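Start at 1 and go down the list; that is how both ligands and their atoms are numbered. All values reported here derive from a predicted model rather than from experimental measurement. The chain is numbered in sequence order, starting from 1.
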Amino acid sequence: MKRVAVLTSGGDAPGMNAAIRAAVRSGVDRGWEMFGVYHGYAGLISGNIRQMGARDVGGIIQQGGTILGSARSAEFRTEEGRVQALRSLYQIGVEALIVIGGNGSQAGAYALSQMDFPVVGIASTIDNDLYGSEMTIGVDTALNIALETIDRLEVNASSPQRAFLVEVMGRDCGYLALMSGIAGGAEMIVIPEIETDPEQVASSIRRAYERGKAHALAVVAEGAKYNATALVNYFEEHKERIGFQVRATQLGHVQRGGAPGAFDRILATRMGAAAIKYLEKGCHGALMGLNKGDITAVPYTEVVGNKKQIDLALLELAKVLEK
Ligand code: F6P
């Protein structure tokens, strides 16, 4: 019999619940005792931990967010915080922890595993900026939400001399902007990885009109030097010369809400089950990631030591296709 706890941490992502469900039920199937930690690392420090059975995770696969709640804990970044977190686990005899989250959460998980506590990670963030997994839980759903907005705005953007900017999340990674821009047929994509001058955005919008395009829409990553707010300010300042109006829509947290799509539910289910299998083999200290179609274990040393890159060839492709 094993006692294993599950927590979700950082920004919630659609599909986290499917991962919790798969981990809890796969553990219960082996006769293990499963626990849920509420509100991420903050809940681990305060000992907000409850046992979970198969029924406690019923009816959640279709829900967005996380039933365990999430948090960003400053205390956990301190040595004392982490010691207290481990104390909470030892107190109820938990022998291993599954951490569902993105970069910050997995860095925290690595810190615990360096303190000799068995931890397994599950790659989950809408940003898709976590090394060790080609796709993370939540990305596909977030992309589809962004896409729905882009498609709708393209209808409004069809009136000439008016351009639309859609700002998507992603922190300092341009993945969501790049992929939603390609899928939505945007006239311009602005990402943090490539510095883009506002004049370049203006001329690409102008060229779209000159080519007789029905709409002019740019997808902008929140982490870009010129994000939607900065671009709107710039265009406002130079409106006489630039010659068209601009409207910006900031998608914000809307992208993180909503029901997970089939891809995220299945990915999360596979990762949750894989985490339990990995612990069963007596292994830990690794992230469950999607790599070449399989769920593989990527050692934490590799995950935290590397930065995931986006495929810039796709940005070049987008430039060809925006014609
Ligand atoms: O990491 C996920 C994410 O949604 C980022 O895209 C965004 O920059 C950030 O979290 C927002 O954080 P918060 O929900 O704490 O405002």
Side-chain angles (χ1 to χ4, degrees), residues 7-19 38-43 63-77 99-110 121-150 165-181 183 189-193 219-231 248-261 264 267-268 271 287 289-290 303-304 306-310:
L7 72 74
T8 50
S9 160
D12 55 86
M16 278 182 160
N17 283 327
Y38 289 79
H39 305 299
Y41 289 120
Q63 287 174 26
T66 157
I67 57 157
L68 293 177
S70 192
R72 302 192 195 276
S73 166
E75 203 182 344
F76 186 75
R77 290 197 202 102
V99 174
I100 305 170
N103 267 314
S105 313
Q106 301 307 338
Y110 178 51
I122 291 182
S124 176
T125 162
I126 64 159
D127 302 338
N128 209 23
D129 60 347
L130 181 60
Y131 188 91
S133 191
E134 287 159 10
M135 286 289 273
T136 50
I137 297 169
V139 177
D140 184 67
T141 305
L143 272 178
N144 279 301
I145 295 170
L147 204 51
E148 194 187 326
T149 307
I150 292 168
L165 305 176
V166 184
E167 185 181 284
V168 298
M169 277 188 167
R171 208 178 286 279
D172 51 7
C173 172
Y175 184 90
L176 280 180
L178 179 58
M179 295 309 189
S180 59
I189 299 170
V190 182
I191 56 173
E193 289 81 354
V219 179
V220 183
E222 65 174 356
K225 180 175 176 201
Y226 284 94
N227 58 15
T229 312
L231 285 171
T249 301
Q250 237 171 346
L251 269 181
H253 291 83
V254 167
Q255 280 151 109
R256 283 203 339 224
D264 281 322
L267 177 65
M271 286 183 176
L287 176 81
L290 178 70
V303 174
V304 299
N306 281 293
K307 189 171 161 50
K308 189 171 181 179
Q309 305 295 335
I310 63 168

**Study point:** Met169 and Leu251: CA distance, side-chain angles, deciding distance, side-chain contact (heavy atoms from CB on, under 4.5 Å) verdict
**Key:** CA-CA 7 Å; Met169 277 188 167; Leu251 269 181; over 6 Å; no

Check your understanding: When you look at Leu287 and Tyr131, which way does the side-chain contact (heavy atoms from CB on, under 4.5 Å) test go after all the steps?
Key -> CA-CA 9 Å; Leu287 176 81; Tyr131 188 91; over 6 Å; no

Exercise for review: Say whether, by atom type as modelled, one donor and one acceptor occur between the side chain of Glu193 and the main chain of Cys173 under 3.5 angstrom.
Suggested key: no

**Study point:** Distance-minimising heavy-atom pair for Ala42 and Ala71
**Key:** CB-CB, 4.4 Å

Point to revise | Check: Glu167 main-chain N/O paired with Asn227 side-chain donor or acceptor under 3.5 Å | key: no

Exercise for review: Could you list the atoms of ligand 1 found under 4.0 angstrom from a heavy atom of Gly170?
Suggested key: 6 (O)

Practice item. Write out the residue and atom name of the closest protein heavy atom to atom 2 (C) of ligand 1, then the distance separating them to 0.1 Å. Key: Asp127 OD2, 3.3 Å

Review point. In the protein, which heavy atom is nearest to atom 9 (C) of ligand 1, and how far is it?
Key: Arg171 NH2, 3.6 Å

Point to revise | Minimal non-hydrogen separation, Pro260 against Pro14, with atom names | key: CB-C, 3.7 Å

Exercise for review: For atom 15 (O) of ligand 1, grab the closest protein heavy atom and report residue, atom and distance to one decimal in Å.
Suggested key: Arg72 NE, 3.0 Å

Point to revise | Nearest-option assignment for atom 8 (O) of ligand 1, heavy atoms, candidates Arg256, Met169, Glu222 | key: Glu222

Check your understanding: Just distances here: any N/O of Gly11 and N/O of ligand 1 closer than 3.5 Å?
Key -> no

Check your understanding: Which residue holds the protein heavy atom closest to atom 16 (O) of ligand 1, what is that atom called, and what is the gap in Å?
Key -> His253 NE2, 3.2 Å

